[in-house]
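Encoded as structure tokens, the structure appears first; notes follow it.
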Amino acid sequence: MYIFESYLDLRQHAAHKLPTLPKSLEGVISQEKFEKSRAYSLDKSHFHFVHAFVTIVTDATMLYFKVLPWFWKKSEGLVTLAGLNSENEILHTLAFLAGLMILSQTTDLPFSLYSTFVIEARHGFNKQTPWLFFRDMIKGIFLSIIIGPPIVAAIIVIVQKGGPYLAIYLWAFMFGLSLVMLTIYPILIAPLFNKFTPLPDGTLREKIEKLASSLNFPLKKLFVVDGSTRSSHSNAYMYGFFKNKRIVLYDTLVQQCKNDEEIVAVIAHELGHWKLNHTVYTFIAMQILTLLQFGGYTLVRNSTDLFQSFGFDTQPVLIGLILFQHTVIPLQQLVSFGLNLVSRSFEFQADGFAKKLGYSTSLRAGLVRLQEENLSAMNTDPWYSAYHYSHPPLVERLAALDIPDKSD
């Protein structure tokens, strides 16, 4: 997978180095923005090559020298040292995960710091202070400590007691957990990292509420999030169940768009996903894939060969899940490729939905604005984008918007 994806990365790197805009973007994207986008993309590409190489070397080293089995045995000693029962698989697993988290944080931190305070800062995106960066990291660790143990304990108990319907029980648990997280995240977790304030009264709020009302979208709250405290990248999204929908605009989006119509057109696109049931279809697809994944796990979880080939002489529940994830990575990437194809199709449909509402010109301007302000890649390799992108490149989206409707 590393060799294949590195080949695609090289193709995309060559596309970044092209000195001219695609012909369809000439006169649409300014030369100044193109040069900045090109420099930003090349910086990120160089960084990615280094990060990917270090990651594959680290992972291969851990597998070859059987670091995971060593961690597992050492974590048993930590449980005993703490005066707890090391025979308890839940306690043993939590100690193991604590060690892995420390290792992961230690190895990832230099890359996160360089990406944030060198690359993002060099190109004018980073707004974080070191204090804010480490505060967010500490909050994330504490959330993992609070939320993680009950989830891990539940999974272990389900696997131990699941019997022939294990896959269904695991899926049902994860399904319920996803609903709970989707409910509490915007209310309890997201506000720990960002400030959400109601969009002030004015023409923008009136236009968005009017659009939502015309589509029978059950908009309950309309927020602006202070994304500018961390980055100048911009975005917008919606969330919520049933009749309790909310829309969130990044303050950077409000600042960057020159008129309200561009923002409303972007929201029209997002509402298109809702109206066309894209969110529902995606959620159902993910649930089916989760069930199939757990079904595959149940077939191999008692395989002593699987555990022994990775250096384990016991068969802990969580270790089995980790090893299974390792072995099916190629299949997961194939599934991800298929999901990206569907996602790109949904993006074209949502653009078409906004176009039918009369926002073609404004959406076009909004997409160009987002591309410019985020310094997104202007030249994309077709193989790379087909494999990695969940959204079509700007060139393709603008071309689709320019196609006359059949009714025209």
Side-chain angles (χ1 to χ4, degrees), residues 1-56 108 110-128 133 227-228 230-236 250 252-253 255-257 266 333 336-337 340-341 343-344 347-348 351 364-400:
M1 291 306 305
Y2 170 73
I3 293 170
F4 171 67
E5 291 182 353
S6 293
Y7 169 69
L8 294 181
D9 292 337
L10 287 170
R11 291 179 61 98
Q12 181 61 19
H13 189 78
H16 290 323
K17 294 173 73 174
L18 293 174
T20 58
L21 279 162
K23 287 194 177 297
S24 58
L25 294 183
E26 291 177 357
V28 177
I29 302 292
S30 69
Q31 187 64 25
E32 179 189 4
K33 287 293 185 181
F34 170 64
E35 293 296 342
K36 289 182 177 180
S37 165
R38 187 166 169 265
Y40 180 48
S41 296
L42 285 171
D43 267 4
K44 289 196 299 179
S45 181
H46 287 127
F47 174 75
H48 172 73
F49 281 122
V50 175
H51 191 195
F53 178 75
V54 172
T55 299
I56 192 66
D108 286 346
F111 294 103
S112 296
L113 288 171
Y114 188 86
S115 175
T116 301
F117 294 103
V118 178
I119 295 180
E120 294 295 305
R122 179 185 297 158
H123 297 278
F125 288 117
N126 179 52
K127 304 300 179 185
Q128 291 190 83
F133 177 91
S228 60
R230 289 166 176 79
S231 172
S232 58
H233 288 295
S234 55
N235 204 353
Y250 277 56
T252 47
L253 177 67
Q255 295 161 8
Q256 291 167 2
C257 288
V266 172
Q333 293 302 101
S336 177
F337 171 70
N340 280 343
L341 289 176
S343 176
R344 286 198 296 275
E347 293 301 319
F348 282 126
D351 284 350
R364 182 186 177 91
L367 292 175
V368 170
R369 184 91 54 207
L370 289 172
Q371 186 86 359
E372 286 186 326
E373 297 300 332
N374 289 314
L375 297 184
S376 301
M378 305 297 175
N379 289 298
T380 55
D381 176 77
W383 288 23
Y384 181 91
S385 61
Y387 182 77
H388 283 292
Y389 285 11
S390 61
H391 287 56
L394 178 65
V395 170
E396 296 178 17
R397 295 180 74 174
L398 296 184

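- In plain terms, the two heavy atoms of Ala377 and Tyr389 that are nearest each other are CB-OH, 4.4 Å.
- Rounding to the nearest 0.5 Å places CD of Glu396 at 6.5 Å from OG1 of Thr380.
- Within the model, atoms CG of Leu18 and CZ of Phe34 stand 7.5 Å from one another, a figure rounded to the nearest 0.5 Å.
- Put simply, the side chain of His13 reaches to within 4.5 Å of the side chain of Phe49, judged on heavy atoms.
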- request: Apply side chain to side chain contact (heavy atoms under 4.5 Å, CB included) to the pair Met378 and Gln371, showing each step before the final yes or no.
  value: CA-CA 8 Å; Met378 305 297 175; Gln371 186 86 359; 3.7 Å; yes
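- Among all heavy-atom pairs drawn from Ser343 and Ser390, the shortest one is OG-O, 2.7 Å.
- With contacts defined as side-chain heavy-atom distances shorter than 4.5 Å, the pair Phe133/Leu113 qualifies.
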Tell me which donor-acceptor pairs under 3.5 Å the side chains of residues 19-31 have, and how far apart each pair is, sequence neighbours excluded?
from, atom 1, to, atom 2, distance (Å)
Ser30, OG, Lys33, N, 3.2
Gln31, NE2, Glu35, OE2, 2.9

message: The test is side chain to side chain contact (heavy atoms under 4.5 Å, CB included); show your working for Asn235 and Leu370 and say whether it passes.
response: CA-CA 8 Å; Asn235 204 353; Leu370 289 172; over 6 Å; no
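- Within the 4.5 Å cutoff, the side chain of Asn126 has no heavy atoms near those of the Val118 side chain.
- One finds the OG1 atom of Thr252 at 12.5 Å from the CZ atom of Arg230 (value rounded to the nearest 0.5 Å).
- Residues Leu8 and Phe4 are in side-chain contact: their nearest non-hydrogen atoms beyond the backbone lie under 4.5 Å apart.
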- prompt: Can you check side chain to side chain contact (heavy atoms under 4.5 Å, CB included) on Leu398 and Val368, steps first, answer last?
  reply: CA-CA 9 Å; Leu398 296 184; Val368 170; 4.1 Å; yes
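- Asp381 contributes a side-chain N or O that, together with a main-chain N or O of Trp383, makes up a donor-acceptor pair within less than 3.5 Å.
- Between Ala52 and Tyr2, the shortest heavy-atom contact is O-CE1, 3.8 Å.
- Annotation: side chain of Tyr114 is in contact with side chain of Ile119 (closest heavy-atom distance under 4.5 Å).
- Between the side chains of Glu5 and Gln333, at least one donor-acceptor pair of N or O atoms lies under 3.5 Å.
- Pairing each heavy atom of Lys17 with each of Arg38, the nearest pair is O-NH2, 2.9 Å.
- Side-chain contact between Tyr40 and Glu120: present, with at least one pair of heavy atoms (C-beta onward) separated by less than 4.5 Å.
- Put simply, CG on Asn340 and OG on Ser385 are 10.0 Å apart, with the number rounded to the nearest 0.5 Å.
- With Ser45 contributing its side chain and Ser41 its backbone, the two residues share no donor-acceptor pair below 3.5 Å.
- Within a 6.0 Å sphere centred on CZ of Phe53, other residues, nucleotides and ligands contribute 12 heavy atoms or fewer.
- The NE2 atom of His51 sits 11.5 Å away from atom CD1 of Ile56, with the distance rounded to the nearest 0.5 Å.
- Within the 3.5 Å criterion, the main-chain N or O of Ala386 finds a donor-acceptor partner in the side chain of Arg344.
- In this structure, Tyr384 and His388 have tilted ring planes: the angle between them lies in the 30° to 60° band.
- Residues Phe111 and Thr55 have side chains not in contact (no heavy-atom distance under 4.5 Å, counting atoms from C-beta outward).
- In this structure, Lys44 and His48 have side chains that are not in contact, with every pair of non-hydrogen atoms separated by 4.5 Å or more.
- Contact record, His123 with Asp43: NE2-OD2, 2.8 Å, taken as the closest heavy-atom pair.
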